[in-house]
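First the proteins, then the strands, lettered A, B, ... as listed; each starts at 1.
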Amino acid sequence: MSEGISQPDQPQELEGHAGDKDLFSKFDDIIALREGLLAQGREDPFSLVMEKVLSPTRAICNGRETILLGTYNYMGMTFDPDVVEAGKQALADFGTGTTGSRVLNGTYQGHKECEEALRDFYQMDHAMVFSTGYQANLGIISTIAGKGDYIVLDIDSHASIWDGCAMGNAEVVPFKHNDVEAMEKRLKRIPEGAGKLVVLEGVYSMLGDIAPLKEMVAVAKKYGAMVLVDEAHSMGFIGENGRGVVEDADVIDDVDFIIGTFSKSVGTVGGFCVSNHPKFEIMRLVCRPYVFTASLPPSVVATAATSIRKLMHGSNKRAHLWENSKNLHAGLRKLGFQLGTDEPQSAIIAVIMPDLEKGAHMWEALIRNGLYVNLARPPATPANMTLLRCSLCAEHSEEEVGQILEIFEKSGKQTGII
Amino acid sequence: MDRAEVDAKIRNLIEPFNKKGVEIKEETTFQNDLEFDSLTVMDFVAEIEDEFDIIISMNQQAEIENYGQLVDAVHKLQADA
Ligand SMILES: Cc1ncc(COP(=O)(O)O)c(C=O)c1O
């Protein structure tokens, strides 16, 4: 599933020529949908600008001090003094950018140290850092599953997983979200001798629900499939050492690849794949989204490495984030909102809106009352739902969660949703 | 199983998904005539796969636009299985 409603790089206005048919005509429906929404609301949900960022949980948005509840900055590492200092030092020592691919002039000491931090964090033999998590999925999936192989994946998979499938030549076989039996039926029917890759996510970011990895990984192994798990939304938070749902479900030794990102708990930008496969290093030469793009700037890999090492010892923060998630879930429920999961399963709480129009109104009321959440709308969402997705941060205080609930109550009443 | 039998079975399976009661002809398209969205496609394909014990990958689905093409594809897949 692709990310929510905010697409700030789309054209702001349609200039004349509406009747002319050209390559852009195929976007007319989505342009109309967007303009329709904008015509109703006074605040533009598509192009919010953070004028100042005060902390991992506070920013000035459109002139107002706003509580951030939709940033995926789960562990609040973006302003950690050690992390910031490491970035400054690398900027001074190594300059602003590498101007090159990882396989040419783009591997600095910092990239190696970042990969070492990942190997230590996951206790795995190999780690490969990509320029984004999107490229990590794109590259690994399209490269390892080739012609005649089969990819079996959850229908609610992230856009980067789907794009990895589309870029390769493997047969793509989706199954119903989190349905172990549907997954098994498909694996069973794959012709004998064909290579098989099962692609799963630890936490699904739309509803914040987790996958039954214990059962799923066991079934995948029974049919001789390799397993890739995208742990983008669980790193640093779920599992005793923050290694993700694979750790919590005690299947980390049975999965072949973990994909992750630096753009959430790690607090910067970048992506990675870790693995124990003995031939894994060859990926550096054959994986095109790794080879044919510039590597991350030295300051970014330095902040990532420092952050990852600090996350290893983040158990107190993890415990507090769980408290926040439980409090927000229980509070929203008590207020009468419909939520994506019956119990809090991750740091994402999805509030289900009756429809897109009411969802956009509620989003606007929240931002006016000083709270930022993600608005997610069809077709990016499961079952065409409109969702207000809240992602909590370990730096949200208990009082802040209380304030968040007050803003939800006020806005919900203003818009007639509760 | 011959093509007519495959056709009869798929006609049964499609019924609950054909919300508007569109008449099903060989050239009836899933996207335009039946207005199937991606979730409906997934559920419908899963029913067919279970009935015939086959896999219709997304790559194969991309080639299937109308009902007749679906019957042809399933007829071939179940014969090969
Ligand atoms: C499940 C999942 N995988 C991959 C990504 C891509 O991560 P990145 O932001 O590093 O490209 C995201 C985030 O957008 C995600 O939610």
Specify which of B:Asp43, B:Ile54, B:Leu39 makes the most heavy-atom pairs with chain A at under 4.5 Å.
B:Ile54
Which atom pair, heavy atoms only, marks the closest approach of B:Ile55 to A:Arg186?
CD1-O, 3.4 Å
Would you say that more than 12 heavy atoms from the other residues, nucleotides or ligands in this model lie under 6.0 Å from the CZ of B:Arg11, or not?
yes
Mark yes when over 12 heavy atoms from residues, nucleotides or ligands other than B:Lys20 sit less than 6.0 Å from its NZ; otherwise mark no.
no
Within the supplied structure, the quantity of interest is the number of heavy atoms (other residues, nucleotides, ligands) at a distance under 6.0 Å from B:Glu5 CD; does it exceed 12?
yes
Whether over 12 other heavy atoms sit under 6.0 Å from A:Lys221 NZ
yes
Quick one: CD on B:Gln60 to CD on A:Glu171, what's the gap to the nearest 0.5 Å?
5.5 Å
Is the shortest heavy-atom distance from the side chain of B:Glu49 to the side chain of A:Phe175 under 4.5 Å?
no
Counting neighbours of CG on B:Asp80 that are heavy atoms of other residues, nucleotides or ligands and sit closer than 6.0 Å, is the number greater than 12?
yes
Distance (rounded to the nearest 0.5 Å) between B:Asp50 CG and A:Glu181 CD:
8.5 Å
Measure distances from A:Ile151 to the heavy atoms of chain B and classify the residue's part below 4.5 Å as side chain, backbone, both or neither.
neither
After noting the C-alpha distance and the side-chain angles of B:Asp53 and A:Arg189, does the key distance pass the side chain to side chain contact (heavy atoms under 4.5 Å, CB included) rule?
CA-CA 7 Å; B:Asp53 200 21; A:Arg189 294 179 191 136; 2.9 Å; yes
Checking A:Lys185 against chain B: side chain, backbone, both or neither under 4.5 Å from a heavy atom?
side chain
Counting only heavy atoms closer than 4.5 Å, note whether A:Ala383 contacts chain B via side chain, backbone, both or neither.
both
B:Asp37 versus chain A, heavy atoms under 4.5 Å apart: side chain, backbone, both or neither?
side chain
A:Val172 backbone acceptor or donor facing B:Asn59 side chain under 3.5 Å:
yes
For the CG atom of A:Asn384 and the OG atom of B:Ser38, what is their distance to the nearest 0.5 Å?
7.0 Å
